[in-house]
Every structure is written in structure tokens, then in C-alpha cells.
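Accompanying notes for the structure given below.
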Amino acid sequence: MQLHIPVALNRCVALLAPAIEKSNSPIVIDATLGMGGHTKALLAAFPSLRVIGFDRDKQAIAIASENLKEFGDRITIVHAVYDEISLTLENLGIQAVDGILFDLGVSSLQLDEADRGFAYSQDAPLDMRMDQSSGLSAHEILMSYSRSDLIHIIRMYGEEKFAPRIADNIIKAREAGALNTTKDLAEIVKESIPAPARRTGGNPAKRTFQALRIEVNQELEVLTRAMPQAISALAIGGRLVVMAYQSLEDKIVKKAFTEVTTSGTPLGLPVDLPNSAASYTFVIRGSESASDAEIIENPRATSMRLRAIERVAA
Ligand SMILES: C[S@@+](CC[C@H](N)C(=O)[O-])C[C@H]1O[C@@H](n2cnc3c(N)ncnc32)[C@H](O)[C@@H]1O
């Protein structure tokens, strides 16, 4: 089993440090707790810090609880989807937080556990739910969606140009009772992609598996709902740090950050009009990637895009 190495760990700690250090009783939200790698480093680095950790995966929560037990009540773990940030803070009686971290996507734990069905390289039931206690599994989606809905998700979320052929072959296989496992799906995708197109771009199943995972977990809708909640939960001086691993997610983050860092003053005026200056500013202009050295050590960091903003006014 591949060990989960937290991505851009030192960089995330450094980005959140000024926001944590300015507060007497700092609070950070780790919206994607996973196995608690980033949270552990933060709690160790800042002795007065309290972390609220979210994960929708009960297995991740069990592991994080074990990994973080030395920190006692400095860590509050919540089994929830991260679009419940506002509700959770209200329930906990917290007005604002000093930092928020999102490390999006699946963890290596989820990819390595064959029976979760995330990996095209291992044969398993087609599940792909991060929270196995709710929602439709990948198999239920593959068995019930119309041809046009299958094409839509494979094309949009997988950026797969052979989506119609894949959808046709999914329908043929499901009618024949031959679509049950990740291996069945990987074979269907392979057969749907013409041989010349298969020679480049890695495993042809990768894009369709990504598309299904996004649909199963409603990843883009949830992220779109979560961004404004995270942005408004920040105290003045608070920072929001997001790591995205695929372009559709990164676009949502970029759009949300651009909106709140843009002044309401019409272009061309030399100073901001009263009450129209942006309340947030970029900590990183554009985005950062992992260094070559980190990518060699941790291939998961290859596609990572890191963005960060700070709240500067109410
Ligand atoms: C990349 S891992 C995080 C790894 C973590 N930073 C660490 O160092 O251990 C992403 C985690 O976020 C969780 N997750 C993904 N989307 C979520 C959502 N919408 N709400 C809550 N948790 C989510 C996944 O279940 C997974 O455990």
C-alpha cells in the first residue's frame, strides 16, 4: 500500500502561519481531513491552534481520529460534506475562523482500498462513493442513466472525446448483464477508444473513471456551494488555501477567488471608490504547482494547483 504523503505540506503550513499567529485562540478548518496529514503538522506547529476537520468518508475519519488523538480536544472531527461549513460553524457557536484548507479529491487510502472501486487498475465493485452511507454508487449510475446523461458526464467531467462510443458500449454491456466491476468498465472504455488514440495519454479508463467519481460524489456542485461559505467564514486576516488536482475544480476555485478579490470600482479610476474596495486579496497571484523534487517523491502532487487568498476587510 502506497503511503499517503501530504501534498505541499510545508507550503500550506507557511501560507496559513501569518493568519494563525495573529490570533490568541486561532481556529483552522481542514475541509478535507483525510488521514489528518496537514492537520497534524498544523497542530504540532502552533500549540494554541484548534482545528475543525471535515471528511465525508467514515473510514478516513476513523484513521484521522487515531492519528490525531494525541491532540485531544484541540481537534474536532465532523463527518460531513464540506458544503456544510456554515451550518457546522453555527452549530459549534463559532463566528469566524483564521484559516481554511481544502486538499481536494480522493486520498491514496481511497485509491488503494480496492473494494471502494475508485481504481481502474484493481478489480472491484463499482462503488466510488466517498461516503458509502449515502448517494448512488457508480454502478447504480451506470445501470440507470440515459445514453445522453452518460455522454454528458463522460464528456464534461472526463473531458473524453469518445464519450458517445463509451456510452453506447456501456448500454450494450449493461443490457447483457456484463457491467459489474471496475475491470468490466475499464475493458468497455478500452474497446470504445480507437487503437491509435489509445497509444497516448496513459490508461484510457482514467478519464471515464474521473467523470464517474465526480458525478457519484457531486464534486463540482459541492465545491461550488462550499467556496462562498469558506470565503465568508474567514476572520479579517484569515486565509483560505485550496489545492485542486483537476482543471474543472481549479476553475471553480479560480472563479470564486477572482470575484471576491476584484474591486467594485470601475476600471480606470486611480483609487477605489468608498465601500467598493475588495475585502479579499490574493496571497498567491495565479496558482502554484509542486516542485519537481516533490513530484518525484510524491507523484500525486503532479497535477496539483495551489491557490490562496486573505480577507483584508469586513
Ligand atoms: C486528498 S484527501 C486529503 C488528505 C489530507 N490532507 C491528509 O493529508 O491526510 C481528500 C479527503 O477529502 C475528503 N473529501 C473529498 N470531498 C469531500 C467533501 N465534499 N466533503 C468532505 N470531505 C471530502 C475525502 O474523503 C478524502 O479523505
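Counting starts at 1 for both ligands and their atoms, following the listed order. Quick caveat, the model's predicted, so the values are computed rather than measured. We number each residue from 1, following the sequence as shown.
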SB check Arg147 Asp168 (cutoff 4.0 Å): yes

Judged by atom type as modelled, is there a donor-acceptor pair below 3.5 Å linking the side chain of Thr182 to the main-chain atoms of Gln122? yes

Please enumerate all residues that pass side chain to side chain contact (heavy atoms under 4.5 Å, CB included) together with Ser121, with sequence neighbours excluded. Ala119

Judged by modelled atom types alone, do Glu219 and Tyr157 share a side-chain donor-acceptor pair under 3.5 Å? no

Residue by residue, ordered by chain and number, which ones reach under 4.0 Å of ligand 1 with a heavy atom? His4, Pro6, Ala31, Thr32, Leu33, Gly34, Met35, Gly36, Gly37, His38, Asp55, Arg56, Asp57, Ala60, Ala80, Val81, Tyr82, Asp103, Leu104, Gly105, Val106, Ser107, Gln110, Met130, Val222, Arg300

Any donor-acceptor pair under 3.5 Å linking the side-chain atoms of Gln110 with those of Asp57? yes

Counting neighbours of CD on Gln95 that are heavy atoms of other residues, nucleotides or ligands and sit closer than 6.0 Å, is the number greater than 12? no

